[in-house]
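Reminder, nothing fancy here: chain letters follow the sequence lines and each chain counts from 1. Since this is a predicted model, take the numbers as computed values, not measurements.
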Amino acid sequence: MSMLNKRKVYDITMQSLTYLSSIVSIVVLLAIVFFVFQKGYRLISWDLITHNYQSVTYTADLKEDQESGTFISTKTFDDGSFYSTKWGIAIKDDENLIGGTSVFITYVHPDSPLNALNNKGVGIEDLSVDVDYQIIRVAFDGASSALAIHGAEHMIEVWDSQDSFRELEFSTTGGGIRGSIITTLYLIVLTLIFALPIGVGAAIYLTEYAKNNRFTRFLRQMIETLTGIPSIIYGLMGLAVFVPLTIRLTDATGANIISGALTLTVILLPVIIRTTEESLKVVPDDYRYASLALGASQTQTTFKVVLPNATAGILTATLLAIGRIIGESAALVFAIGTAVKDDIRLTEKSTSLAVHIWSMMTDEPANIELSSTIALIILAIVLVLNISIKLLSKRMLRKQGVKK
Amino acid sequence: MNDSIVFNVKNLNLFYGEKQALKNIEIPIYKNQITALIGPSGCGKSTFLRALNRMNDLIDECHLDGKINYYDQDIYDQTMDVIGLRTHVGMVFQKPNPFPMSIFDNIAYGPRCQGIKDKQKLKEIVDEALKQAALYDEVKDRLKESALSLSGGQQQRLCIARTIAMKPDVILMDEPTSALDPVATLKIEDLVVELKKNYTIIIVTHNMQQAARIADKTAFFLMGELIEYGDTSTLFSTPQYKKTEDYITGRFG
């Protein structure tokens, strides 16, 4: 009787422990997501994603073939905007990022002459104004300048009374993370192009061709060990090997996206090799035998039968790889740098989303809000990729007739 | 008469590492006949079958000595084209193992591997193979469907069709009905008898009634040795050896 009771108590205790651990892990995960969401959701907007990071101030005047006219807008401006029919532009007073008041563009008529401006300073020649840009100053020949500090209403009044202006000073919107998103996408594509063929190839060699001997076992052991190496060490390697290599082969002058992708490739190879190997191993030997017995060569068997049946696993490997690419920061600090950029070139420094968070947090004071927003965006990207790859592999399995 | 011998096996010894799986096998296999290999589990009959198209090569530790002549060619000769051999000597396995692709692609797989790309020709080969495997009427409207949607018996006949599509000379069958129900089994048996007009068939079976029903010649294996080989009717009615008699009367095995 007591024996039975003892066992019962033991059973219940052990069961409760498993319940408890699963609850703890779920709570921790939810807490993280909640924290990120609660901190970051306020800043999330389409503008953040599409805008440049650096705000640039330009001084411009009209191109020679442009002049004022009458631009009737069908839009009604009831949000405090003032519209100039002569110039086809609506502006309003609003709070800027540092808490002061600025004049913001809320609408630009498609035919407005302000769509074709001449840069009077250095840099690109052709400029145009766009919604959310700030107007700092408009200078005229026949009137005193309209300044932002005098408000939008005054600015429109003066502007409307003039047929031309000498110069317009405006600044583009900043604070966006478009550059970092593009860098991240470049990194994903490039790294997968490098890493998938090599990784899958190595996995095929190890499972299909290599004899199970000392050398193969040693190789596997090495690969397994490589998965455990901290990524900052790979980053050092990227700096020591890939950065000089890319400088030699391309017009890069320092750390760049290609060297970053190569570094990530090295980081990902062990992951891809192992996952692919696992998925190749579960392809039934029956298929291999059937193929060989039909007079197919080993290579035909591997590429026509075994590999297609491992696609789901290889997609999983890809997914893990993408997750790692998006999440990697330590290695990339060395391999592509931490410069937040808007004009993304493969052979120049820039920063991925994760490194962007890192640089936001090393700012003084740390920008937790923007970091959390970027984190949210990363979460969303991972989620979307995850779901789409799941759907893809499901579709493939259905095509093969495997019910799952 | 010598011409009608397809496989001539002389003094064959086969080892898995240290363990000897086949001992001094001597057996001629005759053309356009069904030869059944019977014996208890682990007696070496499947091993022997796989030696005939060198599928044993895939097992790391396996090595053999002796001679297996396919017509007048030693198939274990250094210069032997193993892939070529397997196109002549096809194989059907115990468990139906169609590839997870369409019915058409399954059958076209072998010919495609040989470099046949012409769609019209592939279509002819597939139709012909399906007809010979008595599967055509059941699947002719669903060739694009996955082979895994077929029933077990249909899948096995598809595997036979897949082998036939290679236009082989010999078909090796390793217990092709052991995973099937009695009705599907009968269908396969009928098919095998039908196929012997065009092919030489060697079939491993656990089912002695099956051997008695369809085979022309029967070979009884025990512990890696070939105990008795002869006409099926003789072997089952008047076995020469006590061991054979004990086995076929069900006293062991």
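Residue Lys95(B) qualifies as open at atom NZ: its count of foreign heavy atoms under 6.0 Å is 12 or below. Heavy atoms from other residues, nucleotides or ligands lying under 6.0 Å from OH of Tyr186(A) number 12 at most. Within a 6.0 Å radius of NZ in Lys390(A), other residues, nucleotides and ligands contribute 12 heavy atoms or fewer. The environment of NZ in Lys121(B) is sparse: at most 12 heavy-atom neighbours from other residues, nucleotides or ligands sit within 6.0 Å. By the 6.0 Å contact criterion, CZ on Phe37(A) is open, its count of non-hydrogen atoms from other residues, nucleotides or ligands being 12 or less. In the displayed structure, Asp11(A) atom CG is contacted under 6.0 Å by more than 12 heavy atoms of other residues, nucleotides or ligands.
Using a 4.0 Å cut-off between charged side-chain N and carboxylate O, Lys211(A) and Asp60(B) make no salt bridge.
Counting heavy-atom pairs closer than 4.5 Å to chain A, the top-ranked of the candidates Arg162(B), Gln94(B), Gln114(B), Met91(B) is Arg162(B). Of the listed residues (Leu58(B), Asp105(B), Asn53(B)), the greatest number of heavy-atom pairs within a distance under 4.5 Å of chain A belongs to Leu58(B). Across Met55(B), Arg54(B), Met166(B), the residue that shares the most heavy-atom pairs under 4.5 angstrom with chain A is Met55(B).
Taking 4.5 Å as the heavy-atom cut-off, the residues of residues 288-296 of chain A that approach chain B are Tyr289(A), Ala290(A), Ser291(A), Leu292(A), Ala293(A), Leu294(A), Gly295(A), Ala296(A), ordered by number.
The parts of Ile83(B) that come within reach of chain A are both its backbone and its side chain, each placing non-hydrogen atoms under 4.5 angstrom from that chain. The parts of Arg112(B) that come within reach of chain A are both its backbone and its side chain, each placing non-hydrogen atoms under 4.5 angstrom from that chain. Using a 4.5 Å cut-off between heavy atoms, Met101(B) contacts chain A through both its backbone and its side chain. Using a 4.5 Å cut-off between heavy atoms, Pro111(B) makes no contact with chain A at all.
The list of salt bridge (Lys or Arg N to Asp or Glu O under 4.0 Å) pairs with a residue in residues 379-388 of chain A, not counting sequence neighbours, is empty.
The main-chain N or O of Asn97(B) is never found under 3.5 Å from a side-chain atom of Asp286(A) such that the two would form a donor-acceptor pair.
Counting heavy atoms from C-beta outward, Tyr109(B) and Val305(A) have side chains that approach closer than 4.5 Å.
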